[in-house]
Amino acid sequence: MTAAVPQLVVHRDKELMAQAAAARLITRIVDAQSARGTASVVLTGGRNGNALLAAIAASPARDAVDWKHLDLWWGDERFLPAEDGERNAVQARAELLARVPVDPARVHEMPASDGADGSDVEAAADRYAKELAAAAEPGDRLGVPAFDVLLLGVGPDTHVASLFPEHPGVRETERTVIGVRGAPKPPPTRISLTLPAIRAAREVWLLAAGEDKADAVALALSGPGELQAPASGAYGRTRTLWLLDRSAASALPAELYRPS
Ligand SMILES: O=C(O)[C@H](O)[C@@H](O)[C@H](O)[C@H](O)COP(=O)(O)O
């Protein structure tokens, strides 16, 4: 079962989108933890992903989360030295993770280029795939944990994670994690979950704000193939949610979104 038919929620502006998405994510984590004692979330890099983390950090409700029983993963990472400020994990630490009592053993950063695999990005990707498989439950698909929420920023070319239009990574159907070279968005070398891994999530939430995303959002939601618009291939098993601001929704056809 998939939730390939997306739900759209459009907020007044990107600031309100970040605040509302933060409240939504806190609630979703609390619900998962009350049901199962634990939760797992896949973080995304980019301005909207980081704004969401900052909004959680600033929220009084953040203490409702049992941070010690939360597994955090990444959808993609820039393949740079571990402490490089351009890494998604370094930015996530600064925005939120250094301010809440997470269990470091449950914060699963993607390998860095100065780690055990050196500059071998494919070996680093395989390492992360093994870490995901080790965390999967017997019933989980593909050897990937059934993430409660998988967050994705959406690029102006409709990329998600580090899966770019017409790039080979979008076609991957077997592996859960791949190395990416020649990414159009710098830096060129990255690690990324693949679409099959993304689709193993219970819920996939896509974040897009700003006029520069309007065409990408309209294209991705018009039903093109995922090779042309990778965001259109990002959906969850039970829910696919597009969190937008009005600017990013401004090119949508009337039947998809009526401005309030
Ligand atoms: O490593 C990255 O750069 C991100 O994971 C990338 O997929 C990002 O989410 C989109 O490019 C949207 O970025 P913005 O939210 O900054 O537009």
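Position 1 is the first residue of the sequence; numbering continues from there. Counting starts at 1 for both ligands and their atoms, in listed order.
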Relative to the heavy atoms of [X], which atoms of ligand 1 are at a distance of less than 4.0 Å?
| X | result |
| --- | --- |
| Asn48 | 15 (O) |
| His159 | 6 (C), 7 (O), 10 (C), 11 (O) |
| Thr44 | 5 (O), 9 (O) |
| Arg78 | 1 (O), 2 (C), 3 (O) |

Contacts of Arg190 that satisfy salt bridge (charged side-chain N to carboxylate O under 4.0 Å, His left out) - sequence neighbours left out | Asp76
What protein heavy atom sits nearest [atom], and how far away is it?
| atom | answer |
| --- | --- |
| atom 14 (P) of ligand 1 | Arg47 N, 3.5 Å |
| atom 17 (O) of ligand 1 | Lys213 NZ, 2.5 Å |
| atom 12 (C) of ligand 1 | Val154 O, 3.7 Å |
| atom 5 (O) of ligand 1 | Asp76 OD1, 2.6 Å |
| atom 13 (O) of ligand 1 | Lys185 NZ, 3.5 Å |

Give yes or no for whether the N/O distance cutoff of 3.5 Å, strictly under, is met between [X] and ligand 1.
| X | result |
| --- | --- |
| Ala161 | yes |
| Ser162 | no |
| Gly45 | yes |

For the student: nearest non-hydrogen atoms of Ser162 and Val180, plus distance = O-CG2, 3.5 Å
Between [Y] and [X], does any NZ, NE, NH1 or NH2 come within less than 4.0 Å of an OD or OE carboxylate oxygen?
| X | Y | answer |
| --- | --- | --- |
| Arg127 | Asp117 | yes |
| Lys213 | Asp245 | no |
| Asp103 | Lys68 | no |

The answer for which part of Asn88 has a heavy atom under 4.0 Å from ligand 1 is side chain
Would Glu95 and Asn50 count as having a side-chain donor-acceptor pair, cut-off 3.5 Å?
-> no
Would you tell me whether Thr240 and Gln7 have side-chain atoms, one donor and one acceptor, within less than 3.5 Å of each other?
-> no
pair Leu43-Leu72: side-chain heavy atoms closer than 4.5 Å = yes
Angle class for the His159/Phe164 ring planes (parallel below 30°, perpendicular above 60°, tilted otherwise)?
-> tilted
Looking only at heavy atoms of Glu77, does any of them come nearer than 4.0 Å to an atom of ligand 1?
-> no
